[in-house]
Amino acid sequence: MDDSIRDRVEDLRRQINYHDYRYYVLDDPVITDYEYDQLMRELKELEEKYPELVTDDSPTQRVGGRPRTGFSTVEHPVRMFSLENSYSVEELRSFDGRVRRALGVSGPVQYVAEPKIDGLAVSLRYEQGRFVQGATRGDGLVGEDITANLKTIRSIPLRLASGSDANLTVRGEVYVPLEEFQKLNAEREERGEKPFANPRNAAAGSLRQLDPRVTASRRLSFFAYTLVDAENLGIELHSEALEFLKDAGFPVNQHTRSCQGIDEAVEYCTHLQSIRNELPYDIDGAVIKVDSLTSQSQLSYTAKSPRWAIAFKFAPEQVKTRLERIDVQVGRTGVLTPLAILEPVRLAGSVVSRASLHNEDVIRQKDIRIGDIVVVRKAGDVIPEVVRPVVEERDGTETEFSMPDKCPACNEPVFRSVGEVAVRCQNAKCPAQIRERLIHFASRDAMNIEGLGPAIVGQLLESNLVESPADLYELTISDVLGLDRMREKSAHNLIRAIENSKTVPFSRVVYALGIRHVGSRVAEILTEHFADLDSLMVADQGALAKIDDIGPKIAESVWSFFQVESNRDTVLRLRDAGVNMRSEPEEKREEREGVANKSFVFTGALERMTRDEAAALVRSLGGRTTSSVSSSTDYVVVGKDPGSKYQKAVQLGVKILNEQEFLDLIGI
Ligand code: IVH
């Protein structure tokens, strides 16, 4: 091949990287999107023609990649700590007092203050100037390998700027800009999916996608805030490390300030709080860090957090808005829940128009009336909450709320049992309950039927294709293809997902039935005692209540569930359809134990399955997979033509298995 082609490819990569940096880091592009696309297209074409020129760090590799079956784990060579929180100026001052006493200084300490970005901490490893591995924080010691997903984030450089070939570990926060967050949630609601509670959840959900193409579609961003072992590069101050990171091409938050003493840091916090709402991303506070790295190492760490830094958390934001009306929703077990419909208002980074009011008693206690101006806040990361009415702003037109005496979904009378707050619709055929039961049945912790979310459930009900969960197993591809906007591929996937759900453990099936008071844990206990459907179905209340952790309330609920003919009919139909109705035999569980909590590394090609599939098997049995061998690795599974991991395993004396030994261990 002509050298000029090689040069052109390199040149295109350099240009694209530079324009990514201008666009995503500096927010100051110098070419149009069209010109950028032309560069990208030329590079893609050349790489297609000369695949030997494709490198892992080419900008074309940011999107795409094959979907992965799960994540391997990565040990953090330097632990990822979290921060101690403070909520008041006094706490900040006492932090400063501790720092000065420990350092033995009487004058002001030099601090760096930064916004506390509400995202997800990640650690990025660069070797010889190239981005080679990225991981989540995990428990601080071991995180998940999310390299492919991080590569889709345009503000993370794939190569360090100005040709640096340094080895670095950089840490920072991946976040979803507010505009993207709102778009993302609007799209989710449209598809009938649950919106993300906040940008942090959106970032976490997006980074933990198995398919990097999904991550790419989420338009995540990044701020760097730590250069690990900066001292080794001759750096003495955290502020210098941030400058270094900027020069290396990383986005560093522009609201970062140096503060001489705690007074300036306090001022910074007040200022930051006042501009909080103008920022295009969500922050939940400020972080104050001792600038001198020598002082940092002198101060060192507690078990959980550095003594040289503290987070100043902003108080939860509250806003006033009008309570337009109170709707009533019917849940899976028939409970009626009042829902506040609010005049849309911006709160802590998102637009809020609904809030749960829990039950009638809460409304009465807080004296909330329809038409009131109410104070709304976001409590932590949960759904917004109506704090109180602003009584002074009433004009007399407000009306009191009372629970309807008929179910809003089916019009049957509702009941409130003595001593219970909940009002309930007891009509088993109530459409709202049928819908919620199906959604619960398909949900992740239950039958885990991917693709069967609220929107599809709604459509299946409307077209009278299903009513009972058992009907799902009779659906055909052509049934599903008749639904709105359903394409061939998704139809196949849905039917396959339904088929696959037949093999979930029996305890999940019991949980999926949606029996009142039977959560995942109770379902596990029940299926440990009643190994199959027949024995569970005929268990009487006495036998049930004898089990540890199963009280009379649960016993009564399980028993009465199976007294209802339509319920019995559903479970028998599920069984006939092939849904697993039997607990795992003891031996099988023991096999699982041989793998559970053990760590595996795979090297070389396996014959009976791909490495990804083998890794997925290990994880499904509760084991862990990591990408590199260390002394804490339990097994290295060696296939054909193993790599250097094999030698490493021999060196470290880690147990080595061939493919057959591995299959024996997992019981296949
Ligand atoms: S410093 C040992 N700086 O807050 C120092 N953290 O509870 C650890 N965070 O896990 C982190 N913005 O996810 C640092 N400017 C910032 C930050 C920041 C957000 C997050 C990070 C960390 C958590 C600490």
When you measure from the side chain of [X] to the backbone of [Y], do you find a donor-acceptor pair of N or O atoms at a distance under 3.5 Å?
X      : Y      : result
His529 : Asp548 : no
Ser463 : Leu465 : no
Ser560 : Glu556 : yes
Arg435 : Gly458 : no
Arg377 : Leu347 : no
Lys502 : Ala577 : yes
Thr333 : Arg516 : no

Quick test of your reading of the model: are [X] and [Y] salt-bridged, counting only N-O distances below 4.0 Å?
X      : Y      : value
Lys366 : Asp372 : no
Glu524 : Arg521 : yes
Lys429 : Glu412 : no
Asp445 : Arg508 : no

Does [X] reach the side chain of [Y], with side-chain heavy atoms less than 4.5 Å apart?
X      : Y      : value
Val571 : Phe562 : yes
Leu572 : Met537 : yes
Arg325 : Asp327 : yes
Val579 : Met447 : yes
Leu526 : Val522 : yes
Leu574 : Leu533 : no
Leu220 : Val176 : yes
Leu544 : Ile554 : no

Distance col, row Asp471:CG vs Arg573:CZ, nearest 0.5 angstrom, shows 4.5 Å
When rounded to the nearest 0.5 Å, the distance separating OG of Ser443 from CD of Glu436 is 11.0 Å
Between the side chains of Thr476 and Asp479, is a donor N or O closer than 3.5 angstrom to an acceptor N or O?
-> yes
_side chain to side chain donor-acceptor pair (under 3.5 Å) assessment of Asp532 paired with Ser535_ = CA-CA 6 Å; Asp532 57 24; Ser535 52; 2.8 Å; yes
Residue set satisfying salt bridge (charged side-chain N to carboxylate O under 4.0 Å, His left out) with Glu462, at least two apart, ordered chain then number -> none
